[in-house]
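Note that the coordinates shown come from a computational prediction; the quantities given were computed from them, not determined experimentally. Residue numbering restarts at 1 for every chain, and letters A, B, ... go by the order of the sequence lines.
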2 protein chains.
Amino acid sequence: MKKNDTRQHIITIGADLISIHGFGSTGLNKILSEAQVPKGSFYHYFKSKNDFGLAVIETYAEEYEARMNETLGNESLQPVDRLRSYLRCSVEDMKSCDFSRGCLIGNLGQELASQSPLFRERLDDIFSDWELRIAHCLKAAQETQQIKQDVDTEQMGAFILSGWQGALLRAKVQRSMLPLLRFENMILKQLGAVDQ
Amino acid sequence: MKKNDTRQHIITIGADLISIHGFGSTGLNKILSEAQVPKGSFYHYFKSKNDFGLAVIETYAEEYEARMNETLGNESLQPVDRLRSYLRCSVEDMKSCDFSRGCLIGNLGQELASQSPLFRERLDDIFSDWELRIAHCLKAAQETQQIKQDVDTEQMGAFILSGWQGALLRAKVQRSMLPLLRFENMILKQLGAVDQ
DNA sequence: TTTAATATTAGACCAGTCGTCTAGAACTTT
DNA sequence: AAAGTTCTAGACGACTGGTCTAATATTAAA
């Protein structure tokens, strides 16, 4: 499919630039010249820049879901190790992009939540889904007695998600992995998951 | 001083618009028309838009420091209540702006950390300062036996700061106070500060 | 093969960006 | 009243932004 090739190519390059510079500050020209796609084509594949932005989010969410399945959903690991591997995965990302990207959903949430209800609602749904996935992993950890029984897994899932977003921000501003490692330690301690 | 009046007025209006729309997406024209200040004046008071941005940060940091002194540093309250009043203060802000603003330093950190070392370093310093202030309050709480003795106050101070930033983001995207209230509950529980 | 329909591209278009610059107005100070 | 400084006015340039129409390339049908 040539069509989807070009479309997907624009999305891939666009997601990269948007992750770094934000949605508003990433011009179509920059994306298209980088992708080597003529400007006229853009409006063949997307209704508008906003429409394109939503497509970028969709693609990112799908890829992220796949990664969550490989980590948080990896049944060959103990539940707590699933959580650990999920967090470590983000840490590796941060390292490999030299603190320039962070989490696309978080970045766009900050930038667009108050500017576009459409974006806000979609991003909110994605966050909610992530919270549930973390909560689900915590539930499993509770069932195997890996963590304390008095933890409210739903609340804690949401707490971990938002806390992690904050830690990513702090790490970016500090250009240091410390906030991420600290977060992992604090959370595991709070869960009562002792290192073995 | 007329000079400082106009300058400060531009900063006030600018801070407001930047909080909502971000630095890159806030045009000088928009700021100046809103502030009813002619463009010519702007470059009398500021070297460039970046220079202006740093001035906005400076002003915000000063005001925020004052607020921290009134809450986290309020010696007429018990240490844990100082922390509580600090968090509640942010919650009120979020309510009163209808989730449109959040924390200017956090917002700019997300947007500018990877784009300008100058901004990044200044924002990092401000965050570090805030972490210390929280840690200091925790230390006081420990000395009055209000919270557990085994809490590493410095680590916890940093953890609370970044977690709170994440909770602000989550609240904004969700248009709900829940993430903020949840964060408060979770932290107080973790500190071992029981409600009385 | 010629025609019709679709998929893709080229680039004009205008509104908006930041920042510059020349004038002149409005204060101060002498 | 004069001189000097501070501040304002807003046109302007060079550029970038997203969008759209008109033309081209490609495919399918007749």
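When rounded to the nearest whole Å, the span between CG of A:Leu32 and P of D:dT16 equals 15 Å. Atom CG of B:Asp5 and atom C1' of C:dA26 are 16 Å apart (whole Å). A:Phe46 places its CZ atom 17 Å from the C1' atom of D:dC20, with the value rounded to the nearest Å. Rounding to whole angstrom units, NE2 of residue A:His21 and P of D:dG17 are separated by 12 Å. Look at CD1 on A:Ile18: it is 10 Å from P on D:dG18, rounded to the nearest Å. What separates OH of A:Tyr45 from C1' of D:dC20 is a distance of 17 Å, to the nearest Å. Distance, B:Phe42 CZ to C:dC21 P: 16 Å, rounded to whole Å. As rounded to whole Å, 12 Å separates atom P of D:dC20 from atom NZ of A:Lys47.
Here B:Ser33 lies out of heavy-atom contact (under 4.0 Å) with every strand. Residue-level contact check: A:Ser25 touches neither bases nor backbone, having no heavy atom under 4.0 Å from any strand. Residue A:Lys49 is classed as a sugar-phosphate contact, given heavy-atom separations below 4.0 Å to backbone atoms only.
Cation-pi geometry between B:Lys47 and B:Phe52 is not satisfied (NZ or CZ under 6.0 Å from the ring centre, within 45° of the ring normal).
Smallest separation of non-hydrogen atoms from B:Phe23 and B:Lys49: O-NZ, 2.9 Å. Between B:Lys148 and B:Gln142, the closest heavy-atom pair is O-NE2, 3.0 Å. Between A:Arg133 and A:Met68, the closest heavy-atom pair is CD-SD, 3.4 Å.
Contact annotation: B:Thr6 side-chain N/O to D:dT8 OP1/OP2 distance is under 4.0 Å. Under 4.0 angstrom from either OP1 or OP2 of C:dA7 there lies no side-chain N or O belonging to A:His44.
Side-chain contact of B:Arg101 with B:Asn107: a donor-acceptor pair under 3.5 Å is absent, judged by distance alone.
In the set D:dG10, D:dG17, C:dT17, D:dG10 carries the atom at the smallest distance from any side-chain atom of B:Lys39. Here the nucleotide nearest the side chain of A:Asn29, chosen from D:dA9, D:dT16, D:dT19, is D:dT16. Of the candidates D:dT8, D:dT19, C:dT9, C:dT9 carries the atom nearest the A:Ser41 side chain, counting heavy atoms from C-beta on. Taking the side chain of A:Tyr43 as heavy atoms from C-beta on, and the options C:dG19, D:dC7, D:dT19, the nearest nucleotide is D:dT19. Picking from C:dT9, D:dT8, D:dG18 the nucleotide with the shortest atom distance to the side chain of A:Leu28 gives D:dG18.
Toward the 5' end of DNA chain D, the nearer of the two residues A:Gly27 and A:Gly40, judged by each one's closest nucleotide, is A:Gly27.
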